[in-house]
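Encoded as structure tokens, here's the structure I'll be asking about.
Predicted model, so just to flag it, every value in this text is computed and none were measured.
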Amino acid sequence: MRNSVRALRTARGMSQAELGGALHVSRQTINAIETGRYLPSLPLAIQLARFFSTPVEQLFTLDDDGGRR
């Protein structure tokens, strides 16, 4: 699964810590989401999408292999 969290965050000039603070999660959680090491829970994915005013389906997309790793 890929996501555009880093691109949207940097476009707003925010640090990982600032985004984490806004969503009440750690900077490490934001880093893990951005690097694909962690798939957020559905509530957190929705929070991220709402924060960036984008549909969840645009924020998170499946890899060519259908998301299987």
List the residues meeting side chain to side chain contact (heavy atoms under 4.5 Å, CB included) with Ser15, not counting sequence neighbours, and say none if there are none.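 Ala17, Glu18.
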
Once you round to the nearest 0.5 Å, how far does CD1 of Ile30 lie from CG of Leu23?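 Answer rounded to 0.5 Å: 5.5 Å.
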
Among Ile33, Asn31, Thr10, exactly one meets side chain to side chain contact (heavy atoms under 4.5 Å, CB included) together with Val5. Which residue is that?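 Of the listed residues Ile33, Asn31, Thr10, the side chain to side chain contact (heavy atoms under 4.5 Å, CB included) partner of Val5 is Ile33.
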
For residues 20-49, pull every pair meeting salt bridge (Lys or Arg N to Asp or Glu O under 4.0 Å), keeping only residues two or more places apart or in separate chains.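 Qualifying pairs, neighbours excluded: Arg6-Glu34, Arg9-Glu34.
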
Report, one line per pair, each donor and acceptor closer than 3.5 Å where one atom sits in a side chain of residues 44-62; sequence neighbours left out.
unit_1: Thr54; atom_1: OG1; unit_2: Gln58; atom_2: OE1; d: 3.3

